[in-house]
Every structure is written in C-alpha cells, then in structure tokens.
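Worth knowing before you read on, the calculation uses all heavy atoms, side chains too, and leaves out hydrogens, waters and symmetry mates.
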Amino acid sequence: MTPIYKKSLKEDLGNYRPISLTSVSGKVMQQIILNAIMQHIQDNQMIGPHQHGFMKGRSYLTNLISFYDRDEGDTVDIVYQDFSKAFEIVSHSILLEKLAAHGLGGCTLHWIKSCLDDWAQGVVVNGVKSSW
C-alpha cells in the first residue's frame, strides 16, 4: 500500500487514499474473478436493467439519461450514494456468505476465500512501516 494525496491539508492523514501496489499476476487473477462473477450475475439475471452503478458501460450519466428519457407523467425517485469507503471495511465472512447465498460457488468462491484468508496489508511512509 502507498498513500496518495487527494486534497486539502497535507498534514491531515484523512486526505490520503491508500493505493494497493498489486502484482501483474494479481491483477490478471482479479480480472478472471471479476469476469466469473459478472458472468454468474448475467446468467442468473441478478441485476435489473435499471442498475447503473458498477456495471460495464453504465454510470451515473447513463442513469441520468434514462431519467430524462422517461414518460412525462412518470414519478421517479433517484438516490445517489458514495460507497467508496464501504469496501474497505466489509466483513470477509459476511461477503463469502452472501456470495454463496447468491449461488456463486466452485473454484471462484474457493479462490476468493483463500485470498481473503491470506489477506494482509501494510503501509510504508517516509521509511516507517505499519503493522500488518
């Protein structure tokens, strides 16, 4: 992990984003797992056509376009939330339970579990290392 400055006061540690320095092989495995999960989601129609976040080719902009492209008399409620920090504190056991409950299994779930079991990260700032 390496801290990257985001904004405001450089003295405030909350203004830094931790960036994981992942190996090329790790990045390849991430893509393989992502593709397996996305294929499972598509095959089982687990995400509806109105879901825009975290979907390839969709974003808040495509969501806004569909909002403005609706019939005149329709009522629409839209809520935007920023979950960028939510994934930093997710419980690994709950994540595995949810993935299994949604039918993800076999090698994909086994690989994710083995990665989470071995999960450790640390930070080095000005030559000083944090604990794992």
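- Atoms CG and CG, from L95 and L109 in turn, are 8.5 Å apart once rounded to the nearest 0.5 Å.
- Taking the ring axis of Y5 as reference, the NZ or CZ atom of K10 stays within 45° of it and closer than 6.0 Å to the ring centre.
- Between G57 and T62, the shortest heavy-atom distance links the atoms O-CG2, 3.9 Å.
- Contacts of S25 classified as side chain to side chain donor-acceptor pair (under 3.5 Å), with partners at least two apart in sequence or in another chain: S23.
- Annotation: side-chain hydrogen bond (donor to acceptor under 3.5 Å, both in side chains) contacts involving residues 101-111, sequence neighbours excluded, are absent.
- Residues passing the salt bridge (charged side-chain N to carboxylate O under 4.0 Å, His left out) test with K27: none are found, sequence neighbours excluded.
- A donor-acceptor pair under 3.5 Å links the side-chain atoms of N15 to the main chain of L9, judged by distance alone.
- With sequence neighbours excluded, the residues forming a side chain to side chain contact (heavy atoms under 4.5 Å, CB included) with I41 are I37, M38, M46, I47, listed by chain and number.
- Applying the side-chain hydrogen bond (donor to acceptor under 3.5 Å, both in side chains) test to pairs two or more places apart or on separate chains, those with a residue in residues 28-44 are Q39-D43, H40-N44.
- We find the CD1-CZ distance between I4 and R17 to be 10.0 Å, quoted to the nearest 0.5 Å.
- With rounding to the nearest 0.5 Å, the separation of CG in L64 from OG in S66 is 7.5 Å.
- Looking at residues two or more places apart in sequence or on another chain, you find a side chain to side chain contact (heavy atoms under 4.5 Å, CB included) between H92 and L116, W119.
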